[in-house]
> 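My questions will all concern the structure given below.
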Amino acid sequence: MSYSFKRTVFDSVIFAYLALIALVVFLSPSEEQMLNMNYNFALAFVLVGVGCVVSILLNKSSKITLGQIIFAPSHKKDPSQTEAGFTKLWCWQLWMTLLVTILVGINQTKFSFYELTDPDGFAGAMRLFKGLASPNFGIFPLAVLKIIETIFIAFMATILAIPLAFILSFFCAKNIMTSRYGFMLYAFLRTVLNVTRSVEALIWAIIFSVWVGIGPFAGMLALCLHSVASLAKQYSEITEAVNEGPIEGIRSTGAGFLQTIWFAIVPQVILPYVAFTIYRWDINVRMATIIGLVGGGGIGTMLIKYQGQALWPEVGCIIVVIAAVVWLMDTASAYLREALK
Amino acid sequence: MNSTILSIKNLEKTYPNGVRALKGVSFDVKKGEFLVVIGLSGSGKSTLLRCLNRLHDPTGGEVLFENKDIAKIQGHEVRDIRKQMGMIFQHFNLIPRHTVLSNVMMGRLGYTSTLASLFGKFDPKAKEEALRYLDLVGIGSKAHIRADQLSGGQQQRVAIARALAQNPKVLLADEPVASLDPATCHTVMDYLRKVNQELGITIICNLHFLSLVRQYATRVIALKDGELVYEGDPKEINEEWFETIYGAGAKEVHVN
Ligand SMILES: Nc1ncnc2c1ncn2[C@@H]1O[C@H](COP(=O)(O)OP(=O)(O)OP(=O)(O)O)[C@@H](O)[C@H]1O
Ligand SMILES: [Mg+2]
């Protein structure tokens, strides 16, 4: 693709973006008009078209646009033009876009100093803080029981994910799936895993809590699925980076497919595999504490219950327990991974 | 004694990216000979060796191994052929984290069922033989050291022992001394000669240095741009041949 194409597309998208925002600001359309997707898309499309024309005309008249600065290969750039300055068109383009985006962001997030400094709201937050800061250790034993459940949710999710991800990873490594059918399987599995991974574990927990009922089992399954997808990807990337020499060496002895994997690839990948697995276990402990918020069992379920009743000292106790355990697991995992290097 | 073990006929290899690495190469290999393949970098030497033991699939022609065409066989037949042809490489291609002995035992993988080998159960005789081959290449004392702790020359000798553990009829060597210093280089070549003469294993070896070729080869073939341009006695390579193989103006370098 030529750079001028990229430049034109970039410039016109920026143009359409700014023009759309200008239209919203100056015409202040009704909500109904904002929601009319067909009409809005058509409008955006037209604006991109206009942007294309503007970009081409500007560059024809040897004005340097932002797209030109970003995409032009270095030998086409005039050094005097790439220096920032107030007289430069592309600088104006850049600052305008940034400024407008920040203003839109303030509007979108309903940013408000008034709310932030509202004394009533602030007093409420302080009451909550006080509650949290004087934890009620009466529920400590229950919290301990529940955090044990959480740790085992993370543990089972990781342990069950390892063999599945291990086997899948070889089918997801390009350097192993070299035949034509192999490549098709590779592409298929990669897509499935990417989709699985892009759905957050929290969403999987909601799905599983309907399937197997609310509780630790649903949370474990959700974390496990997410771990399989993540680990398989990380494992296969390690496998793709292995040294080909030993593979040739082993194949030349007349070894079969499994023997080649076991003797030539596994010894090269085992340490990084273990490191990634420990790291995944670490993530799972953290995820397991919040997966209870959506019905995945463990300490999260307990937390959401007390939070719902605004029992802040109890919530404070739970937070102390979570923080302690997460910190402990985090340190242990970092220590283990360091020792394995 | 002088029967043909390998007969290569019109061998062609075009890589998927369109590179024609071999353009119809034909030659015979006699049982027990030390055949050296020479040629410039990129002339197709490595490709040739890998087509013989089917690490690469030839795209045309025949490879007759003991009168059977192995150019198009598939699956377990390919593995069966590889068992009978050991191979050593420029970068040794050992498994660094395993011991020397374990590396040599891997030469038995083709003879061991998958399940048994995954559990590390090899034929009990295999270990004895592995030790014997390590002695043969002079590093029996290093059997229990990790392979990556050996020097280059020692690693190459382990690779030779691994190939020998296959009990091969042919040993393919792809620039076995290209990453070694001149002194070590001779040690390794001497062991290859020993394997050739004492065990009667046919050797096909890619080499870069003509001085080594004259010293070790019983016969030479030369490749240029994927074609065979010379076949004959190593002592008959003269200035003229040298220029055909390596191009006009090339100068010979010596390894002492
Ligand atoms: N896997 C591959 N895919 C595509 N082309 C390849 C591949 N391997 C080798 N080639 C090409 O085939 C030609 C012959 O390569 P080959 O490695 O056989 O040469 P060589 O004589 O062994 O050279 P060298 O002395 O550098 O090892 C080269 O042009 C090379 O670029
Ligand atoms: Mg080569």
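All values below come from the heavy atoms of this structure, side chains included, with hydrogens, waters and symmetry mates left out. By convention in this document, chain letters (A, B, ...) are assigned in the order of the sequence lines, proteins followed by strands, and residues within each chain are numbered from 1.
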> Roughly how far, to the nearest 0.5 Å, is OG1 of A:Thr253 from NZ of B:Lys83?
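Reported value, rounded in 0.5 Å steps: 10.0 Å.
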
> Using heavy atoms and a sub-4.5 Å threshold, report which of residues 263-272 of chain A line up against chain B, by residue number.
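Against chain B, the residues of residues 263-272 of chain A that fall inside the cut-off (heavy atoms, under 4.5 Å) are A:Phe263, A:Ala264, A:Pro267, A:Leu271.
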
> Near A:Tyr279 OH, under 6.0 Å, is it more than 12 heavy atoms from other residues, nucleotides or ligands?
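No.
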
> Name the member of B:Arg108, B:Met85, B:Gln84, B:Arg97 that forms the most heavy-atom pairs with chain A at distances under 4.5 Å.
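Between B:Arg108, B:Met85, B:Gln84, B:Arg97, the count favours B:Arg97.
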
> CG of B:Asn93 to CG of A:Asn243: how many Å apart, nearest 0.5 Å?
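Going from the CG atom of B:Asn93 to the CG atom of A:Asn243 covers 7.0 Å.
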
> Side chain from CB out, backbone as N, CA, C, O: work out which of these in B:His98 comes under 4.5 Å of a heavy atom of chain A, or both, or neither.
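The answer is the side chain of B:His98.
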
> Hey, which of B:Gly86, B:Gly110, B:Ala159 has the most heavy atom pairs under 4.5 Å with chain A?
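Highest number of heavy-atom pairs under 4.5 Å: B:Gly110.
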
> Anything in residues 117-125 of chain B with a heavy-atom distance to chain A below 4.5 Å? Please list those residues in order.
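Against chain A, the residues of residues 117-125 of chain B that fall inside the cut-off (heavy atoms, under 4.5 Å) are B:Ser117, B:Leu118, B:Phe122.
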
> With rounding to the nearest 0.5 angstrom, report the CZ to CZ distance, A:Arg251 to B:Arg50.
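So the CZ of A:Arg251 and the CZ of B:Arg50 are separated by 10.0 Å.
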
> Heavy atoms only: give me the nearest A:Gln259-B:Thr112 pair and the separation to one decimal.
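Nearest heavy atoms, A:Gln259 then B:Thr112: NE2-O, 3.1 Å.
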
> Just to be sure I understand the criterion: a residue of residues 159-172 of chain A counts if one of its heavy atoms is under 4.5 Å from a heavy atom of chain B. Which ones qualify?
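Listed by number: none.
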
> In terms of heavy-atom proximity below 4.5 Å to chain A, should B:Leu94 be classed as side chain, backbone, both, or neither?
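Only the backbone of B:Leu94 comes within 4.5 Å of chain A.
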
> Could you tell me which residues in residues 161-178 of chain B have at least one non-hydrogen atom under 4.5 Å from a non-hydrogen atom of chain A, sorted by residue number?
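Answer by number: B:Arg162, B:Gln166.
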
> Rounded at 0.5 Å granularity, tell me how far CG in A:Leu258 sits from CG in B:Leu109.
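Reported value, rounded in 0.5 Å steps: 11.5 Å.
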
> Kindly check if the number of other-residue, nucleotide or ligand heavy atoms within 6.0 Å of OH (B:Tyr111) is above 12?
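Counting neighbours around OH of B:Tyr111, more than 12 heavy atoms of other residues, nucleotides or ligands fall under 6.0 Å, so yes.
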
> May I ask you to check whether over 12 heavy atoms, not counting those of A:Tyr335, lie within 6.0 Å of atom OH?
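Counting neighbours around OH of A:Tyr335, 12 or fewer heavy atoms of other residues, nucleotides or ligands fall under 6.0 Å, so no.
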
> Kindly give the heavy-atom pair with the smallest separation between A:Ser252 and B:Asn53, and that separation in Å.
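Nearest pair, atom of A:Ser252 first, then B:Asn53: CB-ND2, 4.0 Å.
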
